[in-house]
Amino acid sequence: MTPDEFRKHGHELVDWIATYLEGVEGRPVQAVVEPGDVRAALAEHPPTDPEPFETVMADVERVIMPGVTNWQHPNWFAYFPANTSYPSILGELLSAGLGVQGMSWVTSPACTELETLMLDWMQELLGLPERWRSTSDTGGGVLQGSASEATLVAILSARHRATNGTVNADGDTTQLVAYTTSQSHSSVEKGLRIAGIGTDRLRIVPHDDEFAMRPDALAEMIIADRGAGLVPFFVNANHGTTSSTAFDPTAHIGPICRQADVWLHVDGAMAGIAALAPEFRWVNDGLEFADSYCTNPHKWMGVNFDCTTYWTADRSSLLGALSILPEYLRSAAAESGAVIDYRDWQVPLGRRFRALKLWFAIRCDGVDAMRRMIRDHVAITQRLAARVRVDERFEIAAPHPLNLLCVRHRDGDAATDALIEAANASDAGHFTRTVLDNRSVLRISIGARTTTAAHVDAMWDALGALA
Ligand code: PLP
C-alpha cells in the first residue's frame with residue numbers, strides 16, 4: 001500500500017467505523033454464524049499477490065461482520081461492557097501509526113511520561129490514595145493489558161515480598177498460601193498457577209449473604225495456616241465481583257492483612273470506574289489498606305480494550321519481582337534513576353503507546369460525559385430493579401448497588417435457564433448466566449455506552465413475554 005492509498009483508505013475506514021457505530025443498533029447483537037463458517041468462507045491459503053483494499057473490505061462485510069458479536073450494541077447486557085469511544089479509537093490509531101515500543105523510557109520518552117501522567121490523572125479523578133501517585137516515595141501506577149495481568153503482577157510482587165526476594169534464586173514458595181472468595185474472577189486462580197503457587201494453595205474464604213468476604217473467617221484461616229507452619233502471603237478482595245458486583249469489606253480486611261503482613265490486592269475491574277462520579281466514591285472504601293489495585297477504563301469508561309490501570313503502594317516489591325537488566329537494555333537515563341522503565345512493571349518486555357487513547361478520551365469527551373453515562377446506567381438499573389420487584393414471577397438474587405441486576409425465576413433453575421436461552425435466541429439482547437447460592441441466575445449488565453432507559457424497558461418487556 002502506498003502512502004496515498006493509505007490516506008484514501010484510512011478516510012474510508014474511519015468513515016466505515018463511524019457508520020458502523022451509528023448503525024450498530026440495526027445489527028443483531030450476537031454473531032449469526034455456526035462454528036467454522038467464518039474460516040470456510042475465506043481463502044484457505046494466503047495470496048501471493050497484493051489484493052485491492054476494496055476486495056478485503058468486501059470480505060469484511062461479507063464474512064467477518066456476520067461473525068462479529070456486537071459489543072457496542074445498546075442491547076448488550078452480557079458479561080460486562082467493553083465500551084469504545086471515538087477519541088479512544090483515534091488514540092489507538094495514532095498508537096499504531098507511531099508504532100512505538102515503549103519498553104524503556106529511552107525507547108520513547110513520551111510513551112512513558114504520558115503514561116505516568118495518565119495514572120496520576122486517574123488517581124486524582126477516581127479519588128484514590130495519594131501514596132499511589134508516581135510522585136510518592138513508594139508507590140506508582142502503570143497500564144496493564146488486562147485485569148488478569150494486573151492480578152498476576154500483584155501475586156508476583158506479593159511472592160517477592162513474602163520470600164524476601166529469594167524466589168528467583170533458591171527461595172521456597174511451597175509454603176505460601178493465598179485467600180479469596182468463591183466469587184472472585186478466575187484470573188486469581190490462574191495467576192496463582194502461573195506464579196507456581198498452585199490452586200491447592202488458594203483458600204476459599206466464606207462469604208456472607210451478600211456474596212462479600214467474611215473478615216472474621218479470613219482472620220481465622222490466616223491464624224490456622226500460620227499455626228500449621230504455612231506462610232499466608234496474598235489476599236484478593238473484590239470491589240464488584242463478576243457474578244453480582246459484590247463488594248468485599250476491604251476496610252475490615254485491610255487491618256487483618258496489615259497485622260499478618262499479607263499483601264492485599266483489590267480487584268475493581270469493572271466497578272472501580274464508578275468512582276469517577278463523587279457520589280459513588282464509596283466503591284473505594286478501604287483502598288487505603290491496599291498494596292495494589294486495578295480497575296479497567298476498557299470496561300465502563302469508554303477507552304477501548306486494552307487498558308487496565310494498576311497501582312501499587314509498594315513499587316520496590318514489583319520491581320524486585322520483575323526487573324532484569326540484560327546488557328542490551330542498559331541506558332544512561334535508567335542508570336541515573338531519573339526515569340521509569342515500564343518493562344519492569346509488567347510481564348512482557350514490549351509495550352504499546354496505550355496512554356494515548358486514555359488521554360484522547362479524557363480530553364476530547366471530557367470526564368463529565370463519562371460521569372453522566374455512569375449515573376444514567378446506575379439509575380436505569382435501579383429503575384429496572386423496581387420493575388422486576390413488582391413482577392411476582394421473578395426475584396432479585398443479589399444486591400445491585402451499581403449497574404448489574406441478577407434475576408432468577410421463582411419457578412426454579414429450569415425456568416431461569418430456559419429464559420436465558422430464549423432471551424439469547426431472541427433479539428432482546430445478549431445475556432450471561434451465572435450461579436449464586438448454587439442457583440441459576442440471569443445477569444443483566446447495563447453498561448454499553450449506547451444503552452438508554454428505552455432499550456432496557458423494551459428488553460424487560462421482551463423477557464417478560466418470554467418467561
Ligand atoms: N476481575 C473482574 C472482577 C472481572 O469482572 C473481570 C472481567 O470481567 C476480570 C477481572 C478480568 O478482566 P480482564 O479481561 O481485563 O482480564
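Since the structure is predicted, the reported quantities are computational estimates derived from the model, not experimental observations. Atoms within each ligand, like the ligands themselves, are counted from 1 in listed order. Basis for what follows: all heavy atoms, side chains included, without hydrogens, waters or symmetry-related copies. Numbers for residues simply follow the sequence, beginning at 1.
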| message | Applying the side chain to side chain donor-acceptor pair (under 3.5 Å) criterion to His430, which one of Asn424, Asn75, Asn70 satisfies it? | response |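 By the side chain to side chain donor-acceptor pair (under 3.5 Å) criterion, His430 pairs with just one of Asn424, Asn75, Asn70: Asn424.
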Using a 4.0 Å cutoff against the non-hydrogen atoms of Gly240, which atoms of ligand 1 qualify?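 In order of number, 3 (C).
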task: Below 4.0 angstrom from a heavy atom of His298, which ligand 1 atoms are there? Numbered from 1 as shown, please.
output: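 Close to His298: 15 (O).
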So is there a nitrogen or oxygen of Phe80 less than 3.5 Å from a nitrogen or oxygen in ligand 1?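 Between Phe80 and ligand 1, no N or O pair is found under 3.5 Å apart.
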Can you find an N or O of Asp267 that's nearer than 3.5 Å to an N or O of ligand 1?
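Such a contact does occur with ligand 1.
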(message) Under 6.0 Å from the ring centre and within 45 degrees of the ring axis: does the NZ or CZ of Arg443 meet both conditions for the six-membered ring of Phe80?
(response)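 Cation-pi check for Arg443 and Phe80: passes.
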Review point. Would you say the ring centroid of Tyr293 lies under 6.0 angstrom from that of His265?
Key: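 No, they do not, as the ring centres are separated by 6.0 Å or more.
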Margin query: Just checking Trp263 against Phe233, ring centres under 6.0 Å apart?
Written below: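 Centroid separation for Trp263 and Phe233: 6.0 Å or greater.
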Closest protein heavy atom to [atom], given as residue, atom name and distance to 0.1 Å:
atom: atom 14 (O) of ligand 1; result: Lys299 NZ, 4.0 Å
atom: atom 6 (C) of ligand 1; result: His185 CD2, 3.3 Å
atom: atom 16 (O) of ligand 1; result: Ser148 OG, 2.6 Å
atom: atom 5 (O) of ligand 1; result: Thr242 OG1, 2.8 Å
atom: atom 15 (O) of ligand 1; result: Ala147 N, 2.8 Å

**Message:** Show, in sequence, the C-alpha distance, side-chain angles and deciding distance for Glu421 and Arg433, and conclude whether the salt bridge (charged side-chain N to carboxylate O under 4.0 Å, His left out) test is met.
**Reply:** CA-CA 9 Å; Glu421 202 176 319; Arg433 172 183 178 271; over 6 Å; no
Does [X] approach ligand 1 within less than 4.0 angstrom via side chain, backbone, both or neither, non-hydrogen atoms only?
X: Asn296; result: side chain
X: Ala269; result: side chain
X: Glu149; result: neither

Interatomic distance, Ile420 atom CD1 to Leu463 atom CG [nearest 0.5 angstrom]
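These two atoms lie 9.5 Å from each other.
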Contact list for residues 351-364, test salt bridge (charged side-chain N to carboxylate O under 4.0 Å, His left out), sequence neighbours left out: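 Only Glu92-Arg352, Glu92-Lys357, Glu115-Arg351, Asp306-Arg352, Asp306-Arg354, Asp306-Lys357 qualify under salt bridge (charged side-chain N to carboxylate O under 4.0 Å, His left out).
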inquiry  = If you count every heavy atom of other residues, nucleotides or ligands that lies below 6.0 Å from Asp427 atom CG, does the total exceed 12?
reply    =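 Not more than 12 within 6.0 Å, no.
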